[in-house]
Amino acid sequence: DADLGHCVAYRDTATLPQGTTGNLFTVTGRVKLIGIYGTVTTAIQNQANNAKLSLNPDAAGLATVDICATLDIANDAVGVVYGITGTFANALVGASNGAAVSQAAPTTLEAGSLLLDCDASNTGSVKWAAFYIPLDPGARMIAA
């Protein structure tokens with residue numbers, strides 16, 4: 001997709017949030033998310049851990065919204081790649097062959113925090129890359 005060349009934000013590898021949400025990226029202004037990929041860099045512990053991505057918007061009165069459903073990431077090996085389809089009802093996708101699906105439906109994100117939500121405390125680390133198009137002047141995604 002030619003749009004992937006517009007802007008990219010990288011987040012260095014970091015340990016998983018421990019039974020809570022962790023900030024992946026700060027979104028400043030509206031952006032169109034056209035792809036997000038996480039790559040496991042340290043194997044994830046073998047215990048159930050449902051993970052999903054969500055947006056916590058800055059605007060008063062707006063609630064956090066899941067941008068995908070949960071995926072159990074237990075026992076994922078180094079090199080597993082995560083992505084989303086762009087349909088909020090679809091689960092986070094994890095591919096054990098080192099490849100991930102491309103996002104079929106772009107997602108408009110308002111200013112706020114893009115989060116990784118894990119429901120357990122597992123060891124393991126993931127690095128992330130987000131591809132986006134700014135919709136407002138100066139809008140960006142930056143590593144949190």
Side-chain angles (χ1 to χ4, degrees), residues 1-41 44-77 79-122 124-144:
D1 187 295
D3 288 336
L4 290 180
H6 280 75
C7 295
V8 62
Y10 295 104
R11 185 168 190 278
D12 289 336
T13 192
T15 57
L16 297 172
Q18 300 296 293
T20 187
T21 58
N23 291 342
L24 294 179
F25 296 100
T26 300
V27 182
T28 63
R30 291 178 312 140
V31 301
K32 183 192 315 184
L33 180 66
I34 53 180
I36 185 164
Y37 306 97
T39 303
V40 176
T41 57
I44 296 174
Q45 180 179 350
N46 189 14
Q47 77 172 354
N49 189 355
N50 292 315
K52 64 184 174 184
L53 299 175
S54 57
L55 176 74
N56 182 13
D58 288 341
L62 295 182
T64 298
V65 60
D66 297 339
I67 64 169
C68 65
T70 61
L71 170 71
D72 184 0
I73 61 172
N75 205 33
D76 282 353
V80 168
V81 179
Y82 303 122
I84 63 172
T85 66
T87 300
F88 292 2
N90 292 351
L92 181 70
V93 178
S96 61
N97 59 0
V101 299
S102 289
Q103 189 171 328
T107 303
T108 301
L109 303 177
E110 295 291 324
S113 299
L114 188 61
L115 309 170
L116 173 63
D117 184 356
C118 293
D119 74 351
S121 296
N122 288 36
S125 297
V126 179
K127 65 180 178 180
W128 294 89
F131 297 86
Y132 67 96
I133 299 170
L135 298 176
D136 292 328
R140 297 179 47 197
M141 290 182 73
I142 53 176

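- Not counting sequence neighbours, the partners of Arg30 by the salt bridge (Lys or Arg N to Asp or Glu O under 4.0 Å) test are Asp136.
- No side-chain heavy atom of Val80 sits under 4.5 Å from any side-chain heavy atom of Thr39.
- Within the structure, every pair that satisfies the side chain to side chain donor-acceptor pair (under 3.5 Å) test and touches residues 65-75, not counting sequence neighbours, is listed here: Lys52-Asp66.
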Side chain to side chain contact (heavy atoms under 4.5 Å, CB included) evaluation trace for Val81 with Val40: CA-CA 7 Å; Val81 179; Val40 176; over 6 Å; no

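- Qualifying salt bridge (Lys or Arg N to Asp or Glu O under 4.0 Å) partners for Asp58, counting only residues two or more places apart in sequence or in other chains: none.
- Judged purely by atom type and a 3.5 angstrom limit, Gln45 has no side-chain atom pairing as donor or acceptor with the backbone of Ala74.
- Ile34 contributes atom CD1, which lies 8.5 Å from atom SG of Cys7 (distance to the nearest 0.5 angstrom).
- In this structure the side chain of Val65 never reaches within 4.5 angstrom of the side chain of Asn56, judged on heavy atoms.
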Leu92 and Leu53: CA distance, side-chain angles, deciding distance, side chain to side chain contact (heavy atoms under 4.5 Å, CB included) verdict: CA-CA 8 Å; Leu92 181 70; Leu53 299 175; 4.2 Å; yes

Output a table of donor-acceptor pairs, distance under 3.5 Å, between side-chain atoms of residues 110-121 and any protein atom two or more places apart or on a different chain; print 'none' if there are none.
residue: Asp119; atom: OD1; partner: Asn50; partner atom: N; Å: 2.8
residue: Asp119; atom: OD2; partner: Asn50; partner atom: ND2; Å: 3.3

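- Sorted by first then second residue, the side chain to side chain donor-acceptor pair (under 3.5 Å) pairs that include residues 79-98, not counting sequence neighbours, are Asp76-Tyr82, Thr85-Asn90.
- Distance alone, capped at 3.5 Å, places no donor-acceptor pair between the Tyr10 side chain and the Trp128 backbone.
- In this structure, Phe25 and Arg11 have side chains that are in contact, with non-hydrogen atoms separated by less than 4.5 Å.
- Side-chain atoms of Gln18 and Leu16, non-hydrogen and from C-beta on, do get closer than 4.5 Å to each other.
- Atoms CG and CG, on Asn49 and Asn122 in that order, are 4.0 Å from each other to the nearest 0.5 Å.
- Under the 4.5 Å side-chain criterion, counting only non-hydrogen atoms from C-beta, Ser102 is in contact with Tyr37.
- The two atoms that bring Pro134 and Ala139 nearest to each other are CB-O, 3.6 Å, heavy atoms only.
- Contacts of Thr13 classified as side chain to side chain contact (heavy atoms under 4.5 Å, CB included), with partners at least two apart in sequence or in another chain: Thr41, Ser125, Lys127.
- Across every non-hydrogen atom of Thr107 and Phe88, the tightest pair is CG2-CE1, 3.7 Å.
- By the 4.5 Å heavy-atom criterion applied to side chains, Phe131 and Gln103 are not counted as neighbours.
- Residue Ala69 comes nearest to Ala89 through the heavy atom pair CB-O, 3.6 Å, listed as atom of the first residue, atom of the second, then distance.
- The heavy-atom pair separating Pro106 from Ala104 by the smallest distance is CD-O, 3.8 Å.
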Pair Leu135-Val31, side chain to side chain contact (heavy atoms under 4.5 Å, CB included): steps then yes or no: CA-CA 5 Å; Leu135 298 176; Val31 301; 5.5 Å; no

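- For the atom pair CE (Met141) and CG (Leu109), the distance works out to 6.0 Å, reported to the nearest 0.5 Å.
- Counting heavy atoms from C-beta outward, Ile36 and Ile84 have side chains that approach closer than 4.5 Å.
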